[in-house]
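Values reported hereafter were calculated over all heavy atoms of this structure, with side chains retained and with hydrogens, waters and symmetry mates removed.
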Amino acid sequence: MTSLSVEMLAADAVEPITSAGHAQLGIAVLAGIAVIVLLITKFKVHAFLALTIGSLALGAFAGAPLDKVITSFTAGLGSTVAGVGVLIALGAILGKLLADSGGADQIVDTILAKAGGRSMPWAMVLIASVIGLPLFFEVGIVLLIPVVLMVAKRGNYSLMRIGIPALAGLSVMHGLIPPHPGPLVAIDAVGANLGVTLALGVLVAIPTVIIAGPLFSKVAARWVDIPVPEKMLQTSSDGPSDALDKRPSKDVAKLPSFGATIATVLLPVVLMLSKALVDIVVDNPEHTVQRVFDVIGSPLIALLAAVVVGMFTLGRAAGFSKGKITATVEKSLAPIAGILLIVGAGGGFKQTLIDSGVGQMVLEISEDWAIPALLLAWLIAVVIRLATGSATVATVSAAGLVAPLAADMSTTHAALLVLAIGAGSLFFSHVNDAGFWLVKEYFGMNVGQTIKTWSTMETIISVVAGGLVLLLSLII
């Protein structure tokens, strides 16, 4: 498991680097988050720098010695990157192989060939969910938008009826399902089991994506009835543009087979879920079967196996030479540098919160207020999401604040805590979120129409997923 142990988090929380009281710590948290929000929203500072400066501001307002604040921040950054950095890199490689080999096209073409009429929105949500497993949200949008536009135009479908299910599938995967950066960081912070989180995440994701995708798209299509933007459709068919230049290369020798592509994409999911199942059924760490699955089902090995398999089932199957595969891997790593730095700085901010005693303060306050831990985690993530516009920043910050709450939780409830944070981090995307503008421009909508469709869809995902998490907490 890539997670920090709960015991380590608890130990950090009871040995704060400052003796400040609750009032001062509360002010320090608000000040630190305010600094991050202002730097990101008003001054357009990169989230990595904003989180770094915000961490130092938090320590300063809490009255902690600056050298200890720096030590906490760097330790948190290092442990977070060590825990999830390799997984993010492997996920990026797999996603790039899927895109460049035409494997994503193969999935899209095969499913669309078998869908039509009323089933098309369901086909789009299925495509987005499968493709969204290994791909970052922005990459998934770039891959799927041309497909959405062409399907809507050729089939004479409402743009929202086709587009909303695709966006819902991508967004749910991004917020709830590892190996996406947000869920991975939250799992690492609260000491949750990745396999259990993945299994419960899929359980929550399925009804959430159905409600926010195909079902809500009926309403969205009535609210916003707009034609397919001809400008975007033209560039998608006649040549590359800034918007569509990341589409898969069409000069591949042949497309990978549908079965091999699906098997490659789902391989890490199957391995990690198998480990979680064996842990429950065998429940003996010394048993040979469990020890084997502990290895092959670990996130590192599962993703590494998918990448190695993908080099053959995707890269070689598409006619890539060894040099082309190497070049594809190299190209996949450069774009994630910013993501790794943001995630790392988020881990540093989280560790500064814990070492300052803020996590323990949240634990004590939650006991006094009698707020369920899962609801508190969701609310904190919602507030930070609304303020910063970043789902990743909301996830890593909220995870740092509520991490001590997981100390006495069962394995399943720690996983649900991660999902509550992920659900809250998706709440009401608006004008301070890059994804808002990405969707607005691709679909040719104005701000009001984007709020009615995209922002409302994100809110539905957040509320439904959060409600399902709370319901599951009463059952398991």
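Separation of atoms CD1 (I17) and CG (D67) is listed at 9.0 Å; rounding is to 0.5 Å. Between atom CZ of residue F428 and atom CE of residue M457 there is a gap of 12.5 Å, rounded to the nearest 0.5 Å. The OG1 atom of T52 lies 7.0 Å from the CG atom of L77; values are rounded to the nearest 0.5 Å. Interatomic distance, CG of D105 versus CD1 of I131, reported as 8.0 Å (0.5 Å rounding). For the atom pair OG of S455 and CZ of F427, the computed distance is 10.5 Å after rounding to the nearest 0.5 Å.
At a threshold of 4.5 Å between non-hydrogen side-chain atoms, the residues F349 and L353 count as touching. Side-chain contact between V402 and W378 is absent, with no heavy-atom pair separated by less than 4.5 Å. Considering only heavy atoms from C-beta on, V383 stays 4.5 Å or farther from L379 through its side chain. Residues V45 and I40 fail the side-chain proximity criterion, which asks for heavy atoms closer than 4.5 Å. Counting heavy atoms from C-beta outward, M311 and V329 have side chains that approach closer than 4.5 Å.
Between the side chain of S462 and the backbone N or O of E458, no donor-acceptor pair lies under 3.5 Å. Checking side-chain atoms of S171 against main-chain N and O of A168 turns up no donor-acceptor pair under 3.5 Å.
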message: Determine whether L39 and L51 satisfy the following criterion, side chain to side chain contact (heavy atoms under 4.5 Å, CB included), listing intermediate values before the conclusion.
response: CA-CA 9 Å; L39 289 175; L51 283 163; over 6 Å; no
- request: Report the C-alpha distance between M124 and V148 in whole Å, list the side-chain angles of each, state the deciding distance to 0.1 Å, and finish with yes or no for side chain to side chain contact (heavy atoms under 4.5 Å, CB included).
  value: CA-CA 8 Å; M124 292 307 302; V148 168; 3.6 Å; yes
task: Report the C-alpha distance between V447 and W437 in whole Å, list the side-chain angles of each, state the deciding distance to 0.1 Å, and finish with yes or no for side chain to side chain contact (heavy atoms under 4.5 Å, CB included).
output: CA-CA 9 Å; V447 171; W437 299 103; 4.1 Å; yes
- request: Check the pair L94 / T264 against side chain to side chain contact (heavy atoms under 4.5 Å, CB included), numbers first and verdict last.
  value: CA-CA 9 Å; L94 182 59; T264 304; 4.0 Å; yes
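The side chain to side chain contact (heavy atoms under 4.5 Å, CB included) test with L304 is passed by exactly one of L90, L87, I93: L90.
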Show me the side-chain donor-acceptor pairs of residues 175-183 shorter than 3.5 Å, one per line, residues at least two apart or across chains.
| from | atom 1 | to | atom 2 | distance (Å) |
| --- | --- | --- | --- | --- |
| H180 | NE2 | G132 | O | 2.6 |
| H180 | NE2 | L133 | O | 3.4 |

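Residue pairs meeting the salt bridge (Lys or Arg N to Asp or Glu O under 4.0 Å) criterion with at least one member in residues 427-440, sequence neighbours excluded: R385-D433.
Counting all heavy atoms, side chain and backbone alike, V35 lies closest to I53 at CG1-CG2, 4.1 Å.
Between F48 and H46, the ring planes are perpendicular. Angles over 60° get that label, and only those under 30° would be called parallel.
Residues T110 and Q106 have side chains that bring a donor and an acceptor to within less than 3.5 angstrom of each other.
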